[in-house]
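Residue numbers begin at 1 in each chain, while the letters A, B, ... track the order of the sequences.
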Amino acid sequence: MVKIATWNVNSVRARLPNVLGWLKETAPDVVLLQEIKCQVETFPRLEIEDLGYNCAVVGQKSYNGVAILSRSPLEDITERLPGGEGDDHARYVEAVTAFGDLVVRVASIYLPNGNPVGTEKYEYKLRWLDRLHDHAERLLALEEAVVLGGDYNVIPSDDDVYDPEAWIGDALFKPESRAAFRRVVNLGYTEAFRTLHPNEPHRYTFWDYTAGCWQKDFGLRIDHLLLSPQATDRLKACDIDKKERGREKASDHVPIWCELAG
DNA sequence: ATGACATATGAGATATGA
């Protein structure tokens, strides 16, 4: 079984003890990290390599930043989502990695938040989703096992938020954001968590630091794993590591993972 | 709309997040 996880760590350096502890405890084969919030030179490569991982890092000072960790070599690395003239944000990294007869192309995605609506930030989010759609369509044509994982900053449905009314008008919940997300899924991808857990509303991957959201279980499900048909054929499990949110110095997001036969 | 909390930068207050 090959375990592939995604986690928005909200600074990999501030979160290093949590990340290393979680890697040792849950032993994922591939990890997609978002919001590492550092440049390539300051990524804690040695500490992570010591645990047996290869790293592909796309860094940026202070903001954004994504990485892929894998127990197998990473090949054919792509460091930007195609189609972004002048888009210099570190929000996308893609690579191919293999475990036995499973060759899987993975991408670590940090989609723009998009707030406030009505500004260029929201337009940027919608454009980014369009670019992701076009790239995801090209990837399908390769007929490979593909896992597009990350912080999509999209709440897919009313079941994925503690109070839908309170989020009307937010960039994460706007009909346009949700439709653009569905448009990617509807190309032929499988959203792993909801597919394997169709009757489990209110299972979240993010709880705000403020206003006691964690204590009240006021969360959002915004971190997702999208699988191509060839990956879906092998999908055996998918779940959320909720307990990470209760630790000291936790990220506001928790890991979500899937297991593929192979 | 603002602030609550957390993080980075850089050395005080501001930008960003969702």
Worksheet entry | Residue that, paired with A:R194, satisfies side-chain contact (heavy atoms from CB on, under 4.5 Å) out of A:D160, A:V185, A:N199 | A:D160
Worksheet entry | 5' priority, DNA chain B, between A:F206 and A:A211 [closest heavy atom] | A:A211
Item to complete: Could you check whether the rings of A:H197 and A:F193 sit parallel, tilted or perpendicular, using 30° and 60° as the cut-offs?
Response: parallel
Worksheet item: For atom C1', what is the distance between B:dA1 and B:dG12, given to the nearest Å?
Response: 25 Å
Discussion item. I'd like the P distance from B:dA6 over to B:dG10, given in whole Å.
Written reply: 23 Å
Discussion item. For A:E165, I'd like to know if atom CD has over 12 heavy atoms of other residues, nucleotides or ligands within 6.0 Å.
Written reply: no
Discussion item. Using 30° and 60° as the class boundaries, would you call the ring planes of A:Y92 and A:H135 parallel, tilted or perpendicular?
Written reply: perpendicular
Discussion item. Please list, in numerical order, the residues of residues 8-21 of chain A that have a heavy atom closer than 4.0 Å to any atom of DNA chain B.
Written reply: A:N8, A:N10, A:S11, A:R13, A:A14, A:R15
Worksheet item: How about A:L139 and A:E94: do any of their side-chain heavy atoms sit closer than 4.5 Å?
Response: yes
Practice prompt. May I ask whether A:W7 and A:I4 are part of the same hydrophobic cluster, defined by side-chain heavy atoms of I, L, V, M, F, W, Y residues being less than 4.5 angstrom apart, directly or through others?
Written response: no
Response to the item:
Residue pairs passing the salt bridge (Lys or Arg N to Asp or Glu O under 4.0 Å) test with at least one member in residues 78-91 of chain A, sequence neighbours excluded, are A:D87-A:R131
Discussion item. Taking only the P atom of each, what is the distance from B:dA4 to B:dT14 in whole angstrom?
Written reply: 15 Å
Item to complete: Please work out if A:K125 contacts a base, only the sugar-phosphate, or nothing of the nucleic acid, heavy-atom cut-off 4.0 Å.
Response: nothing
Worksheet item: A:F173 near the nucleic acid: base, sugar-phosphate alone, or nothing, with a heavy-atom cut-off under 4.0 Å?
Response: nothing
Worksheet item: Which comes earlier along DNA chain B counting from the 5' end, the contact point of A:N64 or that of A:A250, where each point is its nearest nucleotide?
Response: A:A250
Fill in: Interface limits on DNA chain B, where chain A has a heavy atom under 4.0 Å of a nucleotide atom
B:dA4 to B:dA18
Worksheet item: Among side-chain atoms of A:N8 and A:E35, is any donor-acceptor pair under 3.5 angstrom?
Response: yes
Worksheet item: Counting any heavy atom closer than 4.0 Å, what does A:S62 reach on the DNA or RNA strands: base, sugar-phosphate only, or nothing?
Response: sugar-phosphate
Fill in: Gap separating the NZ atom of A:K242 from the CG atom of A:D217, nearest 0.5 angstrom
4.0 Å
